[in-house]
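Just so it is clear: chains get the letters A, B, ... in the order the sequence lines come, proteins before strands, and each one is counted from 1. Everything quoted here is computed from the prediction, not taken from an experiment. All values below come from the heavy atoms of this structure, side chains included, with hydrogens, waters and symmetry mates left out.
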There are 2 protein chains.
Amino acid sequence: MGRRASRRVSIKDIARRAGVSHSTVSRALRGSPLVNPRTAERIRRLAARMGYVPNAAARSLVTTRTSIIGLVITTLADPFLAEIVRGVEEVALEAGYRLFLATSNADPERELAAVRALAESRVEGVIVASSRVGELYLPHLEALGVPIVLINQQREAPFIYSVAADSYQGAVLAVSYLMRLGHTRIAYIAGPPMARSNRLRWMGYQETLAAAGITPDPEWIVEGNGRPEAGEWGIQRLLEAPVRPTAVFCYNDMTAIGALRAARAVGLRVPEDLSIIGFDDILFAAYTEPPLTTIAQPKYEMGRTAMSMLLRLLQGERVSPSLQLPCRLVERASCGPPPEGSIPMVPHLLAERRLP
Amino acid sequence: MGRRASRRVSIKDIARRAGVSHSTVSRALRGSPLVNPRTAERIRRLAARMGYVPNAAARSLVTTRTSIIGLVITTLADPFLAEIVRGVEEVALEAGYRLFLATSNADPERELAAVRALAESRVEGVIVASSRVGELYLPHLEALGVPIVLINQQREAPFIYSVAADSYQGAVLAVSYLMRLGHTRIAYIAGPPMARSNRLRWMGYQETLAAAGITPDPEWIVEGNGRPEAGEWGIQRLLEAPVRPTAVFCYNDMTAIGALRAARAVGLRVPEDLSIIGFDDILFAAYTEPPLTTIAQPKYEMGRTAMSMLLRLLQGERVSPSLQLPCRLVERASCGPPPEGSIPMVPHLLAERRLP
DNA sequence: CTGAAAGCGCTAACAA
DNA sequence: TTGTTAGCGCTTTCAG
């Protein structure tokens with residue numbers, strides 16, 4: 001043991017036993033019409049009996065095709081990624097591709113190593129499902145000379161091919177939902193300032209309010225970083241505002257979770273005293289207290305779409321460089337009407353214009 | 001585009017430009033001492049300038065080594081897995097191995113496909129980090145003829161090589177902690193009946209109580225499935241018990257989350273009225289309300305250990321077939337002393353005997 | 001329909 | 001120290 005167990009059987013072995021040439025075996029095994037169906041069948045049976053397993057390396061050496069897609073992610077520990085990866089994998093498998101995992105944990109050295117590994121194994125394409133691609137990563141990846149599709153990329157610069165959830169539309173959805181509930185004093189606890197998704201959600205927030213003739217108090221917009229702490233600080237800050245908001249739109253669910261906690265800590269009931277809405281619909285959103293109403297990103301679909309896109313790129317087809325997938329509202333229990341009968345004169349018509 | 005972009009540079013190309021034979025290039029590139037240091041350096045520089053990237057397929061064809069490890073998991077969507085995978089990957093990378101992802105989503109057909117893919121790419125070893133390996137999976141995997149290491153396998157049959165968290169010890173830790181807090185009426189909401197981990201935790205629970213001279217009321221042990229519903233039913237059942245427990249040990253954190261929710265639903269305060277302890281320490285445990293006290297499995301370490309084990313197996317070393325890693329208590333806020341001054345005559349000495 | 005021969009990019013004897 | 005040669009397992013012309 002430790003060494004290769006007794007050498008694998010090759011097409012030559014089969015050829016010898018079948019009394020044919022190894023090219024015939026090769027043809028038979030791949031179902032070429034250029035073989036007598038009877039011999040083909042005989043060969044196939046023999047191969048099965050002998051436990052033949054094709055050698056991908058040998059094959060790809062001659063075909064110059066590897067059927068491998070590199071999957072780049074910063075870390076699997078991101079609960080958000082799982083569904084995306086599942087979508088990617090499903091489509092990849094259907095199309096006969098395999099996935100090579102390259103995680104970097106945001107370590108530049110490992111990024112390099114990962115890219116090198118992808119290069120050496122001659123992946124035919126790359127999917128980057130990393131929310132934050134290192135600044136250096138992309139150029140290296142591009143040097144691979146294979147098609148790349150980015151999922152939810154966070155950089156402002158529109159990259160060649162990408163699929164993303166429509167953050168803007170999602171924000172519109174969130175805010176117009178709150179308005180429909182009767183809220184007019186709506187706060188936004190923001191995400192990482194540099195993140196494209198944050199800008200878009202912010203913009204969706206602003207414009208939805210504006211469309212209803214509401215100008216949010218500047219104090220209702222607080223900075224954040226996408227983590228629970230941000231939600232906690234955010235609520236504290238909001239509490240100090242001269243006029244308190246009745247609802248909070250959070251950049252993402254993790255932020256909302258922090259907000260939920262902080263609200264409880266100061267004795268605010270959710271949703272009776274304060275409505276909180278998140279974004280992402282992470283697995284955990286269903287289990288918060290109260291269960292979190294949120295905007296779901298179509299994660300699985302995003303994975304599938306990205307991989308389909310890559311497939312078409314691989315086929316040499318032209319594809320539109322960037323796809324936006326719509327988000328959807330998941331109503332749970334963290335939102336309700338505002339506490340005191342705040343003026344329910346919300347013209348949600350305008351805001352709803354952009355919804356399906 | 002779509003086709004291979006202008007053929008990669010090979011060692012022959014470099015050889016031609018350097019005016020040496022391709023074997024010299026091969027040697028130089030791999031740092032063989034059999035080359036003139038000066039020419040070696042010159043070749044290396046040239047290679048870099050020409051953008052040379054070794055072809056893993058070609059290399060592995062001749063060396064019969066692929067440096068690929070198959071990583072089998074049912075689904076990435078299991079929040080538990082991420083840290084394990086991180087540990088695996090870290091060690092793999094350090095040792096120059098890459099990871100081939102094979103997920104099955106518990107679909108038998110895909111399992112087959114996944115194993116076939118592993119076989120064709122001639123992985124040198126396999127790590128199975130799937131909590132529930134399909135019954136059929138393992139035999140197929142074994143047929144690969146390469147070393148396999150299982151992480152937290154759930155089957156009773158002890159498999160060849162495995163690393164797991166010490167569920168028994170973890171349960172002892174949990175229950176003796178509750179006893180130290182003053183509890184004597186401790187319930188157990190179980191996990192999947194067939195799961196090995198459930199049996200072990202159950203046993204740890206029973207024996208820790210027994211060692212303190214406590215025989216749990218049979219009504220305090222309720223069946224479950226490891227999911228939040230189980231925690232909810234469990235609490236309901238427990239409420240009907242003639243004598244109510246003051247603390248609940250849950251099979252895992254997901255169960256505990258359900259228990260937390262159910263407790264709150266019936267107006268029980270945690271931990272004032274009821275203490276709840278989980279198992280696993282998933283990412284989310286820190287964000288429940290109240291934050292969940294739990295038993296942490298050394299996930300990252302388990303990943304590292306499994307991969308190290310595989311590495312040694314690959315080297316032909318003998319390794320002990322099954323390793324147990326100790327769990328540790330993470331105190332957060334879901335446990336406290338029992339409500340009424342329940343008799344604090346807990347002889348925790350016995351129980352503590354097995355702790356570090 | 002089948003076989004012979006070449007060659008994918010690389011490593012590893014064996015000579016020089 | 002270097003070059004020549006063979007061959008890993010497979011696919012793919014090109015001739016039969």
Side-chain angles (χ1 to χ4, degrees), chain A residues 3-44 46-47 50-68 96 119-124, chain B residues 3-44 46-47 50-68 96 119-124:
Chain A
R3 219 54 22 240
R4 178 123 269 80
S6 74
R7 217 181 108 274
R8 283 278 183 187
V9 352
S10 75
I11 51 172
K12 278 189 191 163
D13 300 319
I14 301 175
R16 210 171 305 125
R17 287 259 284 241
V20 297
S21 77
H22 73 275
S23 6
T24 301
V25 174
S26 169
R27 287 193 269 256
L29 258 22
R30 277 170 315 120
S32 157
L34 302 174
V35 210
N36 183 316
R38 298 254 292 286
T39 26
E41 182 52 28
R42 192 163 55 89
I43 289 172
R44 256 179 259 125
L46 193 54
M50 295 174 70
Y52 171 74
V53 178
N55 182 322
R59 175 176 296 167
S60 81
L61 193 53
V62 25
T63 59
T64 68
R65 293 217 30 221
T66 57
S67 297
I68 298 181
E120 294 188 1
S121 42
R122 300 289 193 265
V123 296
E124 296 184 26
Chain B
R3 216 62 14 246
R4 177 124 270 77
S6 75
R7 216 181 110 273
R8 282 281 185 186
V9 352
S10 76
I11 50 172
K12 278 189 191 162
D13 299 321
I14 301 175
R16 209 170 306 125
R17 288 259 283 239
V20 296
S21 78
H22 72 278
S23 10
T24 301
V25 175
S26 170
R27 287 191 271 254
L29 258 23
R30 278 169 314 121
S32 158
L34 301 173
V35 214
N36 183 315
R38 298 253 293 284
T39 26
E41 183 51 28
R42 191 163 55 89
I43 289 172
R44 256 178 259 124
L46 193 53
M50 295 174 70
Y52 172 74
V53 179
N55 182 322
R59 175 178 296 165
S60 82
L61 193 54
V62 22
T63 58
T64 69
R65 293 214 33 219
T66 57
S67 298
I68 299 182
E120 295 188 1
S121 42
R122 300 288 194 266
V123 296
E124 296 183 28

* Asked: Taking side chain as C-beta onward, heavy atoms only, is B:Arg17 less than 4.5 Å from B:Leu46?
  -> yes
Do A:Ser60 and A:Arg122 touch side chain to side chain, with heavy atoms closer than 4.5 Å? no
Once hydrogens and angles are ignored, does a donor-acceptor distance under 3.5 Å link the base of [N] to the side chain of [X]?
X       : N     : answer
B:Ser23 : D:dT4 : yes
B:Arg27 : D:dG3 : yes
B:His22 : D:dT2 : no

In whole angstrom, give the distance that lies between atom [atom1] of [X] and atom [atom2] of [N].
X        : N      : atom1 : atom2 : result
B:Ile43  : C:dC10 : CD1   : P     : 14 Å
A:Met50  : D:dG9  : CE    : P     : 13 Å
A:Leu61  : C:dC8  : CG    : C1'   : 4 Å
B:Lys12  : D:dA6  : NZ    : C1'   : 12 Å
A:Arg16  : C:dG3  : CZ    : P     : 14 Å
B:Arg38  : D:dT1  : CZ    : P     : 12 Å
A:Arg122 : C:dC10 : CZ    : P     : 7 Å
A:Asn36  : C:dG3  : CG    : P     : 11 Å

[N], OP1 or OP2 - any side-chain N/O from [X] closer than 4.0 Å?
X       : N      : result
A:Ser26 : D:dT11 : yes
A:Ser21 : C:dG3  : yes
A:Arg8  : D:dG9  : no
B:Thr24 : D:dG3  : yes
A:Arg65 : C:dC8  : no

From [options], nucleotide with atom closest to [X] side chain:
X       : options               : answer
A:Pro37 : C:dC10, D:dT2, C:dC1  : C:dC1
A:Ile11 : C:dT11, D:dT11, D:dG3 : D:dT11
B:Ala58 : D:dC10, D:dG3, C:dC10 : C:dC10

The answer to which of B:Arg59 and A:Thr63 contacts DNA chain C further toward the 5' end, by nearest nucleotide, is A:Thr63
(request) Would you please say whether a donor-acceptor pair under 3.5 Å links the side chains of A:Thr24 and A:Ser21? (result) yes
(Q) Taking any heavy-atom pair under 4.0 Å as a contact, classify B:Thr39: base, sugar-phosphate, or nothing. (A) sugar-phosphate
List the steps, then state whether side chain to side chain contact (heavy atoms under 4.5 Å, CB included) holds for A:Asp13 with A:Arg8. CA-CA 9 Å; A:Asp13 300 319; A:Arg8 283 278 183 187; over 6 Å; no
Answer yes or no: is there an ion pair linking B:Glu41 with B:Arg44, defined by an N-O contact shorter than 4.0 Å? yes
The reported gap from CZ in A:Arg27 to CD1 in A:Ile11 (rounded to nearest 0.5 angstrom) is 10.5 Å
